[in-house]
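No hydrogens, no waters, no symmetry mates; every other heavy atom, side chains included, goes into these values.
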Amino acid sequence: MSSDSKPIHLYTLATPNGVAVSAYLEELKKKYPGFDYDFTKIDISKNTQKEDWFIKLNPNGRIPVIVDKSRGDFAVFETSAILLYLAQHYDKEYAFWFNPEKDANNYSEMLQWLFFAHGGLGPMQGQNHHFNKYAPEKIPYAQKRYLDETKRLYGVLDIRLNGREYLAGDGKGKYSLADLKAFPWVKIHQHAGIETLDEFPNVKAWLERCVAREASASGAEVGGFGK
């Protein structure tokens, strides 16, 4: 791959889902000399993601989306699907994932925690944000339900991270797609009404490790909201 080759074009905004992908792309840039990508910031306040050209890339009208120019402009949507696609095609040394055949158990564990974040943490914290920050009317039941569920999910992470540094992998674990998917949500815990992570000390230490990575900082800048 030539040094000026940028096979991946990312359509994104610096939301938790967007940062998961941009942080991984930044990790890949660091790990594999010659790999690079471009990005386009999508202004969701103007419903750019609902325009016809974007719907052709993702019929669900959500960010992030990638287009792989090296593979016939193949488009991929859904954050976890994007992470797995990038791993399969661009992380050949398994730096941030596990060999499905030779390291099947760790690969499965990574998938379990990746899907936990994709199907649990993200959607529940997202509903928490909606009902506690953006809903046009206050619905106390919904506000409490989703705040409580967000805290419960943080508690699940805290159990998993007891004695571990990362969510998947032998021993204390290895930084992987599971962490990349989860940490951008936990990073904005204050926006979710959880002022501190003192109740979840293992999560607090894990988050500090994740955000201290250089690629986490640069990835958070992609798409606009800054660190």
Side-chain angles (χ1 to χ4, degrees), residues 1 3-44 48-49 57-58 62-69 75-97 110 113-114 117-118 121-122 125-126 129 157 165-169 173-192 197 203-227:
M1 186 181 298
S3 61
D4 61 349
S5 177
K6 296 183 179 182
I8 300 298
H9 194 98
L10 169 66
Y11 298 89
T12 193
L13 186 68
T15 64
N17 288 333
V19 169
V21 174
S22 57
Y24 188 30
L25 287 166
E26 290 291 307
E27 293 283 6
L28 293 175
K29 277 179 63 176
K30 257 190 101 177
K31 175 66 179 176
Y32 299 101
F35 176 84
D36 207 348
Y37 70 100
D38 287 317
F39 74 92
T40 298
K41 178 180 176 179
I42 299 299
D43 190 345
I44 61 176
T48 304
Q49 77 281 9
L57 301 177
N58 178 6
R62 297 286 190 273
I63 61 96
V65 175
I66 63 167
V67 173
D68 190 341
K69 294 176 286 184
V76 187
F77 66 91
E78 287 295 331
T79 307
S80 296
I82 294 171
L83 295 176
L84 289 165
Y85 178 91
L86 291 171
Q88 179 184 358
H89 293 284
Y90 294 100
D91 193 356
K92 297 298 188 180
E93 296 179 15
Y94 301 97
F96 304 99
W97 64 310
M110 182 196 75
W113 289 102
L114 178 66
H118 189 98
L121 179 62
Q125 187 167 327
H129 295 171
L157 288 174
E165 294 185 354
Y166 299 108
L167 290 170
K174 178 180 85 171
Y175 187 69
S176 75
L177 305 187
D179 306 288
L180 279 156
K181 180 67 179 81
F183 92 78
W185 284 101
V186 181
K187 181 182 175 183
I188 59 171
H189 59 87
Q190 290 183 330
H191 190 69
L197 294 175
V203 172
K204 184 176 182 179
W206 163 80
L207 180 63
E208 290 173 352
R209 282 189 289 272
C210 292
V211 299
R213 299 179 68 89
E214 180 181 340
S216 298
S218 56
E221 295 175 353
V222 173
F225 290 159
K227 298 179 183 180

Can you see which heavy atom on Ala23 is nearest to which on Ser216, and at what distance?
-> CB-CA, 4.4 Å
Residue pair Ile42, Thr12: steps toward the side chain to side chain contact (heavy atoms under 4.5 Å, CB included) verdict = CA-CA 6 Å; Ile42 299 299; Thr12 193; over 6 Å; no
Can we say Asp38 and Lys69 salt-bridge, meaning some charged N sits less than 4.0 Å from an Asp/Glu carboxylate O?
-> yes
Heavy-atom nearest pair, Ala14 first then Ala220, reads CB-O, 3.7 Å
Report the C-alpha separation of Asp68 and Tyr85 in whole Å, then their side-chain angles, then the decisive distance to 0.1 Å, and conclude whether the side-chain hydrogen bond (donor to acceptor under 3.5 Å, both in side chains) test is met.
-> CA-CA 10 Å; Asp68 190 341; Tyr85 178 91; 2.7 Å; yes
Indicate whether the side chain of Tyr11 and that of Asn58 have a donor and an acceptor atom separated by less than 3.5 Å.
-> no
For the atom pair NE2 (His89) and CG (Leu84), what is the distance rounded to the nearest 0.5 Å?
-> 10.5 Å
With the side chain counted from C-beta on, respond yes when Leu121 and Val186 share a heavy-atom pair under 4.5 Å apart, and no when they do not.
-> yes
What closest approach, in Å, do Ala178 and Leu114 show between heavy atoms, and which atom pair accounts for it?
-> CB-N, 4.0 Å
Between Tyr90 and Tyr32, ring centroids under 6.0 Å | no
State the OG-CE distance between Ser176 and Met110, to the nearest 0.5 angstrom.
-> 6.0 Å
Check the pair Asp91 / Leu86 against side chain to side chain contact (heavy atoms under 4.5 Å, CB included), numbers first and verdict last.
-> CA-CA 7 Å; Asp91 193 356; Leu86 291 171; over 6 Å; no
Got Val67 and Ile8 here, is their nearest side-chain heavy-atom distance under 4.5 Å?
-> no
So, does Lys174 use its side chain to make a donor-acceptor pair with the main chain of Phe96 at under 3.5 Å?
-> no
Atom CH2 of Trp97 and atom CG of Leu177: how far apart are they, to the nearest 0.5 Å?
-> 8.0 Å
Nearest-0.5 Å distance that lies between atom NE2 in His189 and atom NZ in Lys204 = 8.5 Å
Residues Pro64 and Val21: closest non-hydrogen pair is CG-CG2, 3.8 Å
Residue pair Ile188, Gln125: steps toward the side chain to side chain contact (heavy atoms under 4.5 Å, CB included) verdict = CA-CA 10 Å; Ile188 59 171; Gln125 187 167 327; 3.7 Å; yes
Can you tell if the side chain of Pro16 reaches within under 4.5 Å of the side chain of Phe183, non-hydrogen atoms only?
-> no
Is the NZ or CZ atom of Arg213 positioned over Tyr175's six-membered ring, under 6.0 angstrom from the centre and within 45° of the axis?
-> yes
Could you tell me which non-hydrogen atom of Leu83 sits nearest to which non-hydrogen atom of Ala20, and how far apart they are?
-> CD2-O, 3.7 Å
Just how far is it from atom CD1 of Ile63 to atom CG of Asp43, taken to the nearest 0.5 Å?
-> 11.0 Å
Testing Leu197, Leu167, Val211 for side chain to side chain contact (heavy atoms under 4.5 Å, CB included) with Trp206, which one passes?
-> Leu167
Please test Thr40 against His9 for side-chain hydrogen bond (donor to acceptor under 3.5 Å, both in side chains), starting from the C-alpha separation and ending with a verdict.
-> CA-CA 8 Å; Thr40 298; His9 194 98; 2.6 Å; yes
Assess whether atom CD of Glu214 is packed by more than 12 heavy atoms of other residues, nucleotides or ligands within 6.0 Å.
-> no
Under 3.5 Å side-chain donor-acceptor pair for Glu78 and His118 | yes
Start with the C-alpha gap between Asn17 and Lys181, add the side-chain angles, then the distance that decides, and say whether side chain to side chain contact (heavy atoms under 4.5 Å, CB included) holds.
-> CA-CA 7 Å; Asn17 288 333; Lys181 180 67 179 81; 3.1 Å; yes
Test Lys29 against every option in Glu27, Lys31, Glu26 by the side chain to side chain contact (heavy atoms under 4.5 Å, CB included) rule and name the one that passes.
-> Glu26
May I ask you to test the Ile66-Tyr37 pair for a side-chain heavy-atom distance under 4.5 Å?
-> no
Looking at side-chain heavy atoms only, is the closest gap between His129 and Trp185 below 4.5 Å?
-> yes
Rounded to the nearest 0.5 Å, the OG1 atom of Thr48 sits from the CG atom of Leu13 at a distance of 10.0 Å
Heavy-atom closest contact (Phe35 atom, Pro7 atom, distance) = CE1-CG, 4.1 Å
